[in-house]
Undergrad: 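Pasting a structure here, questions to come.
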2 protein chains.
Amino acid sequence: MVRKSGGTPRREASLSRERIVDASIKLLDASGEAGLTFRALSERLATGPGAIYWHVADKIDLMTAACDAIVERTMADIVPGTDPRGAIRAVALGIFDAMAAHPWIGSALTMAPGQLPAVRILERLGQSVVALGVPEERQWATVSALLSYILGVGGQNAANMQFARAKDIHRQAFLAEVAATWSALDADAFPFTRAIAERMSTHDDREDFLTGIDLILAGITSP
Amino acid sequence: MVRKSGGTPRREASLSRERIVDASIKLLDASGEAGLTFRALSERLATGPGAIYWHVADKIDLMTAACDAIVERTMADIVPGTDPRGAIRAVALGIFDAMAAHPWIGSALTMAPGQLPAVRILERLGQSVVALGVPEERQWATVSALLSYILGVGGQNAANMQFARAKDIHRQAFLAEVAATWSALDADAFPFTRAIAERMSTHDDREDFLTGIDLILAGITSP
DNA sequence: ACCTGAACACCGTTCAAGT
DNA sequence: ACCTGAACACCGTTCAAGT
């Protein structure tokens with residue numbers, strides 16, 4: 001193995017951006033956004049907090065890199081079908097599932113606007129939108145709408161999980177709590193919210209998410 | 001004025017949840033999410049950090065209350081037209097404009113899922129969706145899609161502003177920077193992103209936002 | 001009932017000093 | 001070139017003590 005920096009091979013335990021990012025993902029998966037601290041990270045890597053700053057600019061850089069690793073894998077796993085509509089759905093669902101497995105990427109994606117992770121999604125959506133025949137002048141608004149929707153759902157998901165984790169309850173219990181709060185709202189001011197609260201538990205998040213994508217897709221191809 | 005807690009009228013300078021929320025909004029508007037600290041707040045209110053905790057549960061409670069004050073005003077300012085489609089657009093645009101004036105509500109809205117500020121928006125959208133004739137079993141998914149999209153745009157907006165503020169540049173300069181980064185991406189891997197980067201500066205955020213709303217609206221009413 | 005302000009238990013980040 | 005770890009400048013939150 002040839003390295004331009006010299007002939008000495010690295011010790012396996014030496015620090016590297018990749019090792020730091022891997023450890024960060026483990027920390028984030030295990031205990032959420034609050035679990036990633038430079039102290040916890042340096043302890044896990046048997047080093048000092050300062051050492052990490054040699055490989056990483058700051059915490060946002062670190063979270064963005066961790067998020068990008070997940071998004072890159074997710075995009076790679078999606079087989080590129082020929083149908084653009086199916087491709088858009090596949091990308092959206094891929095991100096949704098990745099966010100279910102790693103809720104913290106929801107906030108990481110919004111924290112780093114215009115950065116690589118979001119751009120990977122944008123690119124995939126964009127290629128499909130072009131293939132769908134959307135005229136050039138409407139392409140940006142269309143892709144941007146799809147991305148905003150996906151990131152919006154992701155942000156909500158991340159917030160829900162964080163809330164639930166903070167109160168040490170599960171997602172299901174959290175939703176039940178929200179439904180209870182909504183049912184107790186003023187009947188005159190919040191008739192819709194009260195009505196929907198009772199029906200909320202029946203719904204599947206993943207299905208609802210896809211319905212939203214289909215709504216936008218239908219809008220794209222409608223006159 | 002009769003108060004059930006007793007006959008002594010309050011000094012005008014005494015602390016109250018309302019005064020704390022007002023001061024928080026001023027702090028948030030002036031210096032963003034990072035500007036709201038219990039120390040800065042207590043200094044502005046000429047008191048100690050601990051005093052604030054008598055009126056407010058924690059920082060999330062405080063940000064939610066501040067956000068709710070803005071959302072409540074915004075909703076009150078929207079004249080309820082008879083056309084449900086127009087009402088949905090008006091609510092969406094109202095929130096968009098409020099987020100332009102107070103970028104921090106973007107993150108406040110996602111931070112407090114299921115809380116009052118988001119529910120106010122949900123309720124308004126919901127009533128219009130019902131008026132639009134969407135069948136009951138599709139109402140939740142429809143409203144949820146609209147809300148996710150709106151919150152998604154808001155989150156992006158908030159992040160953009162935060163990024164720009166941290167680098168001490170304006171929104172325009174930030175977007176130019178993003179465009180430059182995108183133009184420098186690999187041509188084989190990111191053809192769409194590169195192409196769109198050149199056209200991005202021409203677009204108006206507010207118009208793009210409304211296009212997204214119209215896309216979803218078109219999807220709702222399409223077969 | 002409401003306020004004070006010191007103290008606690010953390011953060012991210014920096015930087016002289018080492019190898 | 002890369003790592004160490006103490007130190008800096010903050011945070012949100014708590015709580016005994018006051019009025």
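The basis for the numbers below is simple: all heavy atoms, side chains too, and nothing from hydrogens, waters or symmetry mates. Chain letters run A, B, ... following the sequence lines, proteins first, then strands; residues in each count from 1.
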Undergrad: Would you kindly give the CG-to-P distance between A:Leu15 and C:dT19, to the nearest whole Å?
TA: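 To the nearest whole Å, that distance equals 19 Å.
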Undergrad: Which nucleotide wins on minimum distance to the side chain of B:Ser14, given the candidates D:dC11, C:dC3, C:dG12?
TA: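 Within the option list, the nearest is C:dC3.
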Undergrad: Using the C1' atom in both, what is the distance from D:dA9 to C:dC10, to the nearest Å?
TA: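 Roughly 13 Å separates the two C1' atoms.
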Undergrad: Among C:dT13, D:dG12, C:dC2, which nucleotide sits nearest the side chain of B:Trp54?
TA: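 The nucleotide sitting nearest to the side chain is C:dC2.
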Undergrad: In whole Å, I'd like the distance from the CD atom of B:Glu33 to the C1' atom of D:dG12.
TA: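 Distance check: B:Glu33 CD to D:dG12 C1' gives 14 Å.
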Undergrad: Kindly indicate whether the side chain of A:Phe96, heavy atoms from C-beta on, has any atom under 4.5 Å from the side chain of A:Asp205.
TA: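 Contact flag for A:Phe96/A:Asp205 side chains = yes.
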Undergrad: In whole Å, what is the span from the CZ atom of A:Arg17 to the P atom of D:dC2?
TA: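 From A:Arg17 CZ to D:dC2 P: 14 Å.
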Undergrad: Would you kindly give the CD-to-P distance between A:Glu43 and C:dC10, to the nearest whole Å?
TA: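 Atom CD in A:Glu43 sits about 12 Å away from atom P in C:dC10.
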Undergrad: Distance check, rounded to the nearest 0.5 Å: B:Ile150 atom CD1 versus B:Phe209 atom CZ?
TA: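 Spacing of CD1 (B:Ile150) from CZ (B:Phe209) equals 5.0 Å.
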Undergrad: Rounding to a whole Å, what distance do you find between A:Tyr53:OH and D:dA1:P?
TA: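 Answer to the nearest Å: 21 Å.
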Undergrad: Rounded to the nearest Å, what distance is computed from the CE atom of residue A:Met111 to the P atom of nucleotide C:dG12?
TA: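 Those two atoms, CE and P, are 11 Å apart.
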Undergrad: Paired with D:dC10 by Watson-Crick or G-U wobble geometry, both distances under 3.5 Å: which nucleotide is it?
TA: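 Paired with D:dC10, as far as the under-3.5 Å criterion goes, is no nucleotide at all.
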Undergrad: Please name the nucleotide paired to C:dG5 by Watson-Crick or G-U wobble geometry with both distances under 3.5 Å, or report none.
TA: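 Looking at the geometry, C:dG5 pairs with D:dC15.
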Undergrad: Remember a base hit wins even if backbone is also touched, and classify B:Leu41 as base, sugar-phosphate or nothing at under 4.0 Å, heavy atoms.
TA: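 B:Leu41: no heavy atom of the nucleic acid under 4.0 Å.
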Undergrad: B:His55 side chain N/O closer than 4.0 Å to the phosphate oxygens (OP1, OP2) of C:dC3?
TA: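 Looking at the OP1 and OP2 atoms of C:dC3, one of them is under 4.0 Å from a side-chain N or O of B:His55.
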Undergrad: In whole Å, I'd like the distance from the CZ atom of B:Phe38 to the P atom of D:dT14.
TA: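 Going from CZ in B:Phe38 over to P in D:dT14 covers 10 Å.
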Undergrad: For the residue pair A:Trp140 and B:His203, categorise the inter-ring angle as parallel (less than 30°), tilted (30 to 60°) or perpendicular (more than 60°).
TA: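 Tilted, since the angle between the ring planes falls between 30° and 60°.
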Undergrad: Hey, does A:Leu62 reach any base, or is it just sugar-phosphate, or nothing, if we go heavy atoms under 4.0 Å?
TA: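 No contact at all - A:Leu62 keeps every heavy atom at 4.0 Å or more from the nucleic acid.
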Undergrad: Heavy-atom nearest nucleotide on DNA chain C for B:Gly48 versus A:Leu36: which residue maps closer to 5'?
TA: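 Nearest nucleotide further toward 5': that of B:Gly48.
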Undergrad: B:Asp58 side chain: which of D:dT13, C:dT13, D:dC2 is closest?
TA: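 Out of D:dT13, C:dT13, D:dC2, the nucleotide with an atom closest to B:Asp58's side chain is D:dT13.
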Undergrad: Separation of B:Arg39 atom CZ from D:dG12 atom P, in whole Å?
TA: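 The distance from CZ of B:Arg39 to P of D:dG12 comes to 7 Å, rounded to the nearest Å.
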Undergrad: Look at the side chain of B:Ala51 and decide which nucleotide, out of C:dC3, C:dT13, D:dC3, has an atom nearest to it.
TA: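 The answer is C:dC3.
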Undergrad: Less than 4.5 Å apart, side chain to side chain, heavy atoms only: is that true for B:Phe192 and A:Val143?
TA: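 Answer yes - side chains close enough.
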Undergrad: Is atom CG of B:Asp168 surrounded by more than 12 heavy atoms (other residues, nucleotides or ligands) closer than 6.0 Å?
TA: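 At most 12 heavy atoms, drawn from other residues, nucleotides or ligands, come within 6.0 Å of this atom.
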